[in-house]
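These numbers were taken from a predicted model, which means no experiment stands behind them. Reckoned from all heavy atoms, side chains included, excluding hydrogens, waters and symmetry mates. Sequence lines set the chain letters: A, B, ... in the order given, protein chains first and strands last, and positions in each chain run from 1.
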2 protein chains.
Amino acid sequence: MAPVNEPLILEKPDPAALPDLIRRAIGERNTVIVIGECSVEYEGRSTSRLGKGDRVLMIKQDGSVLVHRPTGYSPVNWQPDTSVIEAWINERGELSILAVRSKPREVLNISFSRVDSVIIARLRDDAEFTMYLDEAEMKRVLVGNPELIEPGFRVVEDEKRLGSGQADIYGVDKEGRPVIVELKRITASRDAVLQLYGYVKAYEATYGKRPRGILIAPSFSPSAIETLLRLQLEYRQVDLRELYRLAVEKGLRRSLLEYGRRPGERERGTGEKTRHE
Amino acid sequence: MAPVNEPLILEKPDPAALPDLIRRAIGERNTVIVIGECSVEYEGRSTSRLGKGDRVLMIKQDGSVLVHRPTGYSPVNWQPDTSVIEAWINERGELSILAVRSKPREVLNISFSRVDSVIIARLRDDAEFTMYLDEAEMKRVLVGNPELIEPGFRVVEDEKRLGSGQADIYGVDKEGRPVIVELKRITASRDAVLQLYGYVKAYEATYGKRPRGILIAPSFSPSAIETLLRLQLEYRQVDLRELYRLAVEKGLRRSLLEYGRRPGERERGTGEKTRHE
DNA sequence: TGTTCGATGTCGAGC
DNA sequence: GCTCGACGTCGAACA
């Protein structure tokens with residue numbers, strides 16, 4: 001979406017120009033990919049050697065280094081982040097890259113006997129990675145299945161403005177008492193409890209009656225539980241996997257697994273698929 | 001070394017042309033790298049979603065698929081090998097790639113809202129990956145430190161021709177009896193035992209005296225041990241890490257860790273290093 | 001093919 | 001900074 005600097009691509013580059021270029025690219029927090037024939041040595045927690053072969057080297061903006069062979073999930077050699085990276089032309093005239101980690105002390109050296117391509121790209125990625133459900137979906141499932149919050153629970157408002165913020169769910173329990181519900185997609189911290197408490201107090205201030213407050217999350221930090229008890233708030237543990245299954249069942253979310261083929265696809269030949277035996 | 005097909009590189013390609021190209025590339029067992037802005041969905045053993053961001057997609061020749069964000073060791077999403085991969089233009093006009101694994105059933109979808117670059121390369125990599133020491137280095141360490149084989153052991157010949165093959169080490173024990181030593185860098189199998197036995201028999205046939213036979217390896221398969229006992233051969237377990245440490249100590253192998261800087265480097269400025277805080 | 005176990009595991013959370 | 005537990009762990013060795 002945001003217009004990005006064009007990636008810089010070099011085909012069959014002169015190795016002599018690369019150390020400087022790569023150093024600069026790393027300094028500017030770009031991602032560097034080098035494709036070519038290399039050999040690799042590693043020493044640290046273990047020690048390894050790998051002779052010449054065609055591989056993909058990736059240097060990420062945090063200093064992670066990955067050397068990938070043409071098969072398999074895992075890199076054959078790597079260096080996690082926080083490394084010092086050097087690039088130079090070695091005595092055989094090859095592009096050589098050294099990635100050093102200090103704790104534990106580990107050294108990774110990659111020497112390219114042939115460089116096919118170099119790609120330097122400025123990658124920007126701020127997206128959130130969510131497993132199972134995001135908070136909005138979580139709320140949708142609970143609003144659609146209020147019995148999961150508590151038997152007899154009835155939703156009155158989805159998102160209720162209270163004081164400076166918005167409570168996720170406002171409802172009444174089976175005895176007609178008002179209930180404020182706060183949701184967290186991940187382990188609920190003390191902060192989440194205080195947030196809920198703020199809504200409870202705001203409600204009390206407005207309506208002159210203290211509502212119950214329930215914090216719903218997949219897990220709770222000890223300090224969160226301690227604070228909940230102290231502030232006379234309640235909590236309920238939910239399993240995101242379960243909620244997800246429910247969301248799929250109720251049609252709130254489509255499962256990728258359902259279509260072995262792509263959404264909306266009609267009948268087609270097999271030419272579109274590529275199988276790996 | 002082997003002249004390789006030039007990698008095919010596309011900058012700012014027309015997405016419409018990509019599905020066909022990618023399908024063909026995968027069919028020809030090339031490695032495909034796509035750089036651009038994408039969103040990712042995964043469902044299988046777990047379920048995940050990742051919004052738009054700049055990433056590197058790598059499809060390897062065995063069908064492994066990796067989606068890398070610009071930081072960190074691990075791919076944010078992936079599919080191990082043995083997947084069916086599809087590529088097409090989705091309803092938003094985006095390049096969409098679906099990688100399906102059947103057991104366990106898992107689906108990964110990557111949709112590119114912007115494609116910056118596509119690299120298609122035929123990578124050839126037959127090199128052996130060795131941890132700690134290869135067999136030659138292992139032999140060098142043991143020949144230089146025969147007491148590791150057995151107290152009082154004395155090396156007579158490094159590589160002794162015997163029958164159709166070559167025994168790794170030939171020596172005599174402290175009582176003057178001939179000893180044939182066979183080395184394995186990895187778990188010794190029954191085959192390794194039979195190989196040793198062949199040398200022992202060849203020696204006996206030539207010199208009229210049965211030598212002792214010792215198989216040295218980091219570990220032994222049960223069938224190897226059974227066969228060793230049955231053929232009245234001996235074995236000694238060695239720790240490759242220990243041998244490696246010894247090799248470094250004795251100067252048989254240089255440790256990468258010793259030079260915080262590159263080998264043979266003179267004094268230089270810091271401009272050559274790129275630090276990641 | 002299914003299971004168990006090791007890893008340069010990596011990664012995040014709690015202390 | 002360190003320990004501990006989970007992971008879509010992956011991957012090799014073994015039954």
Could you pull out all residues at least two apart from A/Y197 that satisfy ring pair (Phe, Tyr, Trp, His ring centres under 6.0 Å)?
none

Residues at least two apart in sequence or cross-chain that pass side chain to side chain donor-acceptor pair (under 3.5 Å) with B/S219, listed by chain then number, are B/T187

In whole angstroms, how far is the P atom of D/dG8 from the CG atom of B/N109?
19 Å

So, using side chain to side chain donor-acceptor pair (under 3.5 Å) as the criterion, who are the partners of B/Y73 when residues are at least two apart?
none

Using the C1' atom as the reference point in each nucleotide, state the distance between D/dG11 and D/dC7 in Å, no decimals.
15 Å

Looking at B/V40, is its backbone amide N or carbonyl O close enough to the side chain of B/R49 to form a donor-acceptor pair, meaning the two atoms are under 3.5 Å apart?
no

5'-most contact on DNA chain D (nearest-nucleotide basis), A/K103 vs B/G44, goes to A/K103

Residues which pass salt bridge (Lys or Arg N to Asp or Glu O under 4.0 Å) with B/E226, listed by chain and number, not counting sequence neighbours
B/R230

Please list, by residue number, the residues of residues 234-242 of chain B whose heavy atoms come closer than 4.0 Å to an atom of DNA chain D; answer none if no residue qualifies.
none

On the nucleotide D/dG8, are OP1 or OP2 found under 4.0 Å from the side-chain N or O atoms that B/R105 carries?
no

Whole-Å distance separating the CG atom of B/D62 from the P atom of D/dC10
14 Å

The side chain to side chain contact (heavy atoms under 4.5 Å, CB included) partners of A/R140 (sequence neighbours excluded) come to A/A136, A/E137, A/L252

So where does chain B start and stop touching DNA chain C, 5' to 3', when the test is distance under 4.0 Å to a non-hydrogen atom?
C/dG2 to C/dC11

Return the set of residues passing side chain to side chain donor-acceptor pair (under 3.5 Å) with A/N90 (not counting sequence neighbours), or none when no residue passes.
A/E94

Under the salt bridge (Lys or Arg N to Asp or Glu O under 4.0 Å) test, residues paired with A/E234 that sit two or more places apart
A/R212

Taking only residues two or more places apart in sequence, or in another chain, which ones meet A/R45 in a side chain to side chain donor-acceptor pair (under 3.5 Å)?
A/E106

In this structure, CG of A/L243 is separated from CE of A/M138 (nearest 0.5 Å) by 6.0 Å

Any donor-acceptor pair, under 3.5 Å, between the side chain of B/E43 and the base of D/dG8, if you only look at N and O atoms?
no

Tabulate protein N/O versus nucleotide N/O from nucleotides 11-14 of chain D, keeping only pairs under 3.5 Å, one per line.
| residue | atom | partner | partner atom | Å |
| --- | --- | --- | --- | --- |
| D/dG11 | OP1 | A/Y73 | N | 3.3 |
| D/dG11 | OP1 | A/S74 | N | 3.1 |
| D/dG11 | OP1 | A/S74 | OG | 2.5 |

For B/E106, answer base if it contacts any base atom (sugar-phosphate contacts may also be present), sugar-phosphate if it contacts only those atoms, and nothing otherwise; contact means non-hydrogen atoms under 4.0 Å.
base

For B/V115, check side chain to side chain contact (heavy atoms under 4.5 Å, CB included) against everything at least two apart and list the hits.
B/P13, B/L18, B/V34, B/L95, B/F112, B/V118

Taking only the side-chain nitrogens and oxygens of B/R45, find out if one of them lies under 4.0 Å from OP1 or OP2 of D/dT9.
yes

